[in-house]
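Inspection log for the structure reproduced underneath, given as structure tokens.
Labels below follow one simple rule: chain letters A, B, ... track the order of the sequence lines, proteins then strands, and each chain is numbered from 1. No hydrogens, no waters, no symmetry mates; every other heavy atom, side chains included, goes into these values.
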2 protein chains.
Amino acid sequence: MKRNSRLSAVLHALLHMAERDRPMTSEELATCLHTNPVVVRRTMAGLRETGLVTSVRGHGGGWTLARALEDVSMRDIYAALGEPMLFQMGNVSESPGCLVEQAVNHALDDAFRDAEAMLIARLGEVTLATLADDFKRRFAEHRATLKQLG
Amino acid sequence: MKRNSRLSAVLHALLHMAERDRPMTSEELATCLHTNPVVVRRTMAGLRETGLVTSVRGHGGGWTLARALEDVSMRDIYAALGEPMLFQMGNVSESPGCLVEQAVNHALDDAFRDAEAMLIARLGEVTLATLADDFKRRFAEHRATLKQLG
DNA sequence: TTTTCATGTAATAATAATAGTTACGAATAG
DNA sequence: CTATTCGTAACTATTATTATTACATGAAAA
Ligand code: FES
Ligand code: FES
């Protein structure tokens, strides 16, 4: 299967939106993300329901970030996307009759559950503000490099 | 995409093999795992290369566990399977030119890398012997329940 | 009011990864 | 020599994500 890249894509989009004082259309976002406007709408729909963004139809409409950068963590966004499955690996059957399989499932589930909890906690520690700051740092570095070269 | 269930399947197979004093054929294993003999061979191929199991062709041949139950961890098996991708989620692009995307990738990669390290460490703590013991406990419990019922 | 712009959404196709099948070659025991 | 069993390549099926097409709905602008 293809890998799910919605979280990655949506973070990119939100940071873009944060830098602008007027709404961004799905068309504009799609160009940035190298994808299709309909895909943008579909993905942002979840964020709208959670109140992370607002959308306006018609002339001058588009998408706007509805909360402060410091108030939105990657975990919030993961949740708004519907908490998609994190792991590619899974059990053959979730409720097997065979006792061997039950023992195997239990051991694997244990490990995966803990890893998931840790990962989600980590996502909660990073806000859009953190990412915006990191971007600014990278941008300054980038300019310094360019200056140095000529 | 479909989820990868090879680790789960192979653990089931190995525990089965451990209980037997002669080789198990791919056919027999496939019946246990509700799958196809060719799938069994393909999956076991990696374990053979790592020396976890041996295979013998022809009459009376089949698959044999080559190491003690205490000496094989779930991590060893994960490695023998070729360390398949653990996460379903990934970045849109692994080496983006855009600096925003770089910042996003870095934050996500960080979180995922740590979760992966933790998960793999956890897999290393559980051996086939652990699983076999857990199975025996479950089996005893199962028999007790049956006895109680009549 | 009509036109234009933009989202909302359903339906369908494309893409990609895993799993299952078929077919046949190679080795080994009897 | 024959029956059995692994080894492997090629092809199909299944499933999840992503992309595309088409059209309805709502809102600003002409
Ligand atoms: S393309 Fe617009 S910020 Fe990455
Ligand atoms: S079917 Fe054989 S142990 Fe599960």
Side-chain angles (χ1 to χ4, degrees), chain A residues 1-10 12-13 17 20 22-49 53-64 66 81-94, chain B residues 1-10 12-13 17 20 22-49 53-66 78 81-94:
Chain A
M1 154 209 354
K2 266 176 174 168
R3 297 182 66 191
N4 178 333
S5 57
R6 282 180 276 232
L7 180 54
S8 163
V10 135
H12 188 176
M17 288 159 57
R20 302 237 321 213
R22 29 165 217 178
M24 279 188 82
T25 66
S26 304
E27 191 86 38
E28 290 169 322
L29 285 170
T31 304
C32 281
L33 306 186
H34 305 105
T35 179
N36 190 292
V38 178
V39 174
V40 171
R41 291 190 200 112
R42 248 189 333 232
T43 310
M44 301 289 272
L47 306 212
R48 182 183 49 223
E49 280 163 26
V53 300
T54 55
S55 66
V56 172
R57 300 210 260 204
H59 236 106
W63 300 90
T64 314
L81 289 172
E83 308 195 340
M85 190 67 62
L86 286 175
F87 298 106
Q88 180 136 20
M89 306 190 63
N91 298 324
V92 171
S93 155
E94 283 317 320
Chain B
M1 153 209 10
K2 265 175 175 170
R3 298 182 66 191
N4 178 332
S5 58
R6 283 180 276 233
L7 180 55
S8 163
V10 135
H12 189 176
M17 287 160 58
R20 301 239 317 218
R22 31 164 214 174
M24 278 188 83
T25 67
S26 304
E27 191 85 36
E28 289 169 322
L29 285 171
T31 304
C32 281
L33 306 186
H34 305 105
T35 179
N36 189 292
V38 178
V39 174
V40 171
R41 292 190 199 113
R42 247 187 336 227
T43 310
M44 300 288 272
L47 306 210
R48 182 183 52 224
E49 280 163 27
V53 300
T54 55
S55 65
V56 172
R57 299 208 261 203
H59 236 107
W63 300 89
T64 315
L65 185 58
Y78 169 70
L81 289 173
E83 309 196 340
M85 190 65 62
L86 286 175
F87 299 105
Q88 180 138 18
M89 306 189 62
N91 297 324
V92 171
S93 156
E94 285 314 321

Less than 4.0 angstrom between a side-chain N/O of Ser55(A) and OP1 or OP2 of dT7(C), yes or no?
no
Closest nucleotide among dG20(C), dC6(D), dG8(C) to the Ser26(B) side chain:
dC6(D)
Whole-Å distance separating the CE atom of Met17(B) from the P atom of dC6(D)
11 Å
Which atoms form the tightest heavy-atom contact between Pro23(A) and Gly60(A), and what is the distance?
CG-O, 3.8 Å
Run the side-chain contact (heavy atoms from CB on, under 4.5 Å) check on Leu29(B) and Met17(B) step by step: do they pass?
CA-CA 9 Å; Leu29(B) 285 171; Met17(B) 287 160 58; 4.2 Å; yes
For atom CZ of Arg48(A) and atom C1' of dG8(C), their distance in whole Å:
7 Å
Answer yes or no: does a side-chain N or O of Arg3(A) lie under 4.0 Å from OP1 or OP2 of dT17(D)?
no
Quick one: Arg22(A) CZ to dT7(C) P, roughly how many Å, whole number?
13 Å
Can you see which heavy atom on Thr25(B) is nearest to which on Glu28(B), and at what distance?
N-OE1, 2.9 Å
Report the distance from atom CG of Asn4(A) to atom P of dA19(D), rounded to the nearest whole Å.
11 Å
For dG20(C), does either OP1 or OP2 sit under 4.0 Å from a side-chain N or O belonging to Thr35(B)?
yes
Reckon Arg42(B) touches a base, only the sugar-phosphate, or nothing at all at heavy-atom distances under 4.0 Å?
base
Within the pair Arg57(B) and dG7(D), is there a side-chain N or O less than 4.0 Å away from OP1 or OP2?
no
Verify, without hydrogens or angle tests, whether Ser5(B) (side chain) and Ser8(B) (backbone) share a donor-acceptor contact under 3.5 angstrom.
no
Phosphate OP1/OP2 of dT7(C): any Arg41(A) side-chain N/O under 4.0 Å
yes
Quick one: Met44(A) CE to dA6(C) P, roughly how many Å, whole number?
15 Å
Atom pair distance, as rounded to whole Å: CG in Leu81(A) and C1' in dT17(D)
13 Å
The answer to which of Pro84(B) and Val56(B) contacts DNA chain C further toward the 5' end, by nearest nucleotide, is Pro84(B)
Interatomic distance where CG belongs to Asn36(A) and C1' belongs to dA6(C) [whole Å]:
14 Å
Using whole Å, what does the distance between atom P of nucleotide dT15(D) and atom CE of Met85(A) come to?
15 Å
Side chain of Trp63(A) (C-beta onward), nearest among dT17(D), dT21(D), dT7(C):
dT7(C)
From the set dA29(C), dA28(D), dT15(D), return the single nucleotide nearest to any side-chain atom of His59(B).
dA29(C)
Closest approach of Arg6(A) to Leu81(A) (non-hydrogen atoms, all atoms of both residues)
C-CD1, 4.0 Å
Can you check whether Thr25(B) has a side-chain N or O nearer than 4.0 Å to OP1 or OP2 of dT4(D)?
no
Residue Lys2(A), side-chain atoms from C-beta onward, closest of dT15(C), dA10(C), dT8(D)
dT15(C)
